[in-house]
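Sequential numbering from 1 along the given sequence is applied to the chain's residues.
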Amino acid sequence: MKKIVNYIVPAICLVAIVFSVAAFNKVEAATAFNRADAAVQAGQPVDLTYAAEKALPSVVYIKYVQNSKIKTVDVQSDPFSDFFSDPFGGFFGRGNGGTQKRQIQTPKKEAAGSGVIISADGYIVTNNHVVDGADELTVTLNDNSEYSARIIGADKTTDLALIKINGKNLPAITIANSNDLRVGEWVLAVGNPLGLNNTVTAGIVSAKARSLGANGVESFIQTDAAINQGNSGGALVNTRGELVGINAMLYSPTGAYSGYGFAIPTTIMNKVVDDLKQYGTVQRALLGIQGGDVKNWVDAQKDQGKEVDLGTMEGIYVAKVVDDGAAADAGIQPEDVIIEADGKKVTKMAELQELMANKRPGDKLTLTYLHNKKKVTKTITLKNEQGTTKVVQKFDLDVLDASFRPVTEETKKQMNITYGLEVMKVNKGKLADVGISRGFIIQKVNDESIKTIDDLQKAVKDASTSKEPVLYIQGIYPTGKKGYFAVPLQE
């Protein structure tokens, strides 16, 4: 369980959803919908049964399995045990408080979470922390049918993931625009908290665009609908049973509900889902600034005995401008204050992040900011993390156009090494371009140890979407000579 900012914990769902008992025909559903909608408009108490019955069939149970694995770890050696097991151990460096390589077997891990069906052909949205590191994912629908799921893509920055099952005519939820939510509006949290199946809790929208410092990009919907451990990946819905957010966290001094729950809005979710489907990775547009809420910065200055007048107490204070970034190109400077984006007033960083989450590299953004208390409006072109406006491609091992195998025990003894990945064949690919040949043993990539093919696959994927899409490879030739190579992944 992830703990953030002392007491924020993710709500990982524990049990499966089952069928709701009641069923509406079209006339009854339309009547109930109209009653709920009219009540919301009139500001009167709302019958929430329609919303619950609409949402429940779309929320699924996800079983997570991470298989037991053999890992090689460094352990502190015991000089006495070394002495008795090998009388020369102390002389040859294995004793006297040194380290030894030992293999341990990690335990099998099982966990559970929820997801929300967003399309009839089997796409399901959940939290990244529900599926991260899974070797197997099993999805159980509310009719108790089970499916194996595969991960289409995941995004740690927003804590969202998209998975897929092979199903047809599944009960997909209707997705609403979370921007239309108002503070004080009724919402339902649907999930399986604390092992209690099929639980629906009600509350209101307590705040919008809440920032907790938990994710890289966040603009949470805060609600007082009870969210406990077991709600992660579940649905936050409005009174019409439409999805407005993915439940992600609770804030509590005890780990149990104490009045504050948080959901990722659909305005962020929709863009992440589209990118993961189309590109396999999120196309994130960057403004190229570092900063925070004006109020927080001014308060920090006051704590140091400094008086500051920026001309406003709302907006985003620019503390640093990244060289060659979009903001730098537009002439934005440190100590400027951003007050509008695309004609919309922005009072805090979370609001700007939510708007930016819907942009891709190459998109335009019109900013109004205060420079020396004077308004300036400019339209800028957003860039990706690599400083271009191109689509960021997520490569896998195929881009290297080579085959590999973990080094054999015999090779380890001959080369006096404990791990590595041997290059078995090199075709006309990126390894051949830099001169890596058959027999070379890869030991590190971008300072990470490479022991398995999965390790290399991860290194390639991580590097391809990073600010610097290059593999820095360290290894050793069969002759014992060491080799160092830089392998660019982007053209």
Side-chain angles (χ1 to χ4, degrees), residues 1-2 8-21 48-64 110-118 124-132 137-144 149 159-163 170-176 178 186-206 214 220-239 241-252 255-266 269:
M1 189 186 311
K2 180 173 61 177
I8 301 169
V9 295
I12 297 180
C13 304
L14 303 174
V15 289
I17 301 294
V18 298
F19 270 115
S20 61
V21 177
L48 301 173
T49 57
Y50 174 77
E53 290 170 359
K54 285 284 289 182
L56 280 168
S58 301
V59 180
V60 301
Y61 167 80
I62 301 171
K63 182 181 178 182
Y64 164 110
E110 294 186 358
S114 278
V116 184
I117 301 171
I118 60 168
I124 296 169
V125 175
T126 185
N127 289 136
N128 173 71
H129 71 257
V130 170
V131 301
D132 188 29
L137 289 175
T138 303
V139 170
T140 304
L141 273 59
N142 62 352
D143 63 357
N144 293 324
D159 193 25
L160 288 168
L162 182 67
I163 65 175
L170 300 176
I173 200 164
T174 301
I175 301 173
S178 56
W186 281 97
V187 286
L188 302 181
V190 185
N192 306 292
L194 306 175
L196 301 173
N197 293 14
N198 220 31
T199 296
V200 176
T201 56
I204 63 168
V205 176
S206 304
F220 289 114
I221 300 166
Q222 181 180 326
T223 177
D224 63 354
I227 292 178
N228 273 293
Q229 297 177 46
N231 281 109
S232 266
L236 188 73
V237 301
N238 60 22
T239 55
E242 300 164 338
L243 184 70
V244 292
I246 300 296
N247 298 325
M249 293 182 180
L250 61 101
Y251 190 99
S252 170
Y257 174 74
S258 63
Y260 307 99
F262 301 91
I264 301 163
T266 55
M269 182 202 81

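- Judged by distance alone, the side chain of S178 and the main-chain N or O of P265 form no donor-acceptor pair under 3.5 Å.
- K63 is not listed as a side-chain neighbour of T140, based on a closest heavy-atom distance of 4.5 Å or more.
- Once rounded to the nearest 0.5 Å, the distance linking NZ of K54 with CG of L188 reads 13.5 Å.
- Between the CG atom in N231 and the OG1 atom in T199 there is a gap of 7.5 Å [rounded to 0.5 Å].
- Judged by distance alone, with hydrogens and angles left aside, the side-chain atoms of N247 form a donor-acceptor pair with the main-chain N or O of A235 at under 3.5 Å.
- The shortest heavy-atom contact between G233 and T126 is CA-OG1, 3.8 Å.
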Next on the checklist: Test side chain to side chain contact (heavy atoms under 4.5 Å, CB included) on I124 and I117; report intermediate values, then the result.
Outcome noted: CA-CA 4 Å; I124 296 169; I117 301 171; 4.0 Å; yes

Checklist entry - Under the side chain to side chain contact (heavy atoms under 4.5 Å, CB included) criterion, do V125 and L162 qualify, and how do the steps go? => result CA-CA 5 Å; V125 175; L162 182 67; 4.1 Å; yes

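- Expressed to the nearest 0.5 Å, how far OG1 of T266 lies from CD1 of I175 amounts to 7.5 Å.
- When all heavy atoms are compared, the tightest approach of G203 to A225 is N-CB, 3.6 Å.
- Looking only at distances, no side-chain donor or acceptor of D159 sits under 3.5 Å from a matching main-chain atom of N127.
- Put simply, the side chain of I221 does not reach to within 4.5 Å of the side chain of V187, judged on heavy atoms.
- Using a 4.5 Å heavy-atom threshold, the side chains of Y260 and D224 count as separate.
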Item to check | Working for side chain to side chain contact (heavy atoms under 4.5 Å, CB included), residues L56 and N142 | outcome: CA-CA 8 Å; L56 280 168; N142 62 352; 5.8 Å; no

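- In plain terms, the two heavy atoms of F220 and I264 that are nearest each other are CE2-CG1, 3.9 Å.
- The structure places CG of L48 at 10.5 Å from CG of N238, a figure rounded to the nearest 0.5 Å.
- The main-chain N or O of N144 is never found under 3.5 Å from a side-chain atom of Y61 such that the two would form a donor-acceptor pair.
- Listed by chain and residue number, nothing satisfies the side-chain hydrogen bond (donor to acceptor under 3.5 Å, both in side chains) test with N128 (two or more places apart in sequence, or in another chain).
- Looking only at side-chain heavy atoms (C-beta outward), V139 and I62 come within less than 4.5 Å of each other.
- The CG atom of L236 lies 9.0 Å from the CD1 atom of I246; values are rounded to the nearest 0.5 Å.
- Looking at every heavy atom in both residues, A55 comes nearest to G241 through CB-O, 4.4 Å.
- Between A172 and S58 the shortest heavy-atom distance is C-OG, 3.6 Å.
- Here the CG-CD1 distance, from L243 to I118, works out to 9.0 Å after rounding to the nearest 0.5 Å.
- Side chains of V130 and S114 form no contact here, defined as non-hydrogen atoms less than 4.5 Å apart.
- Closest of all the heavy-atom pairs between H129 and A248 is CE1-O, 3.7 Å.
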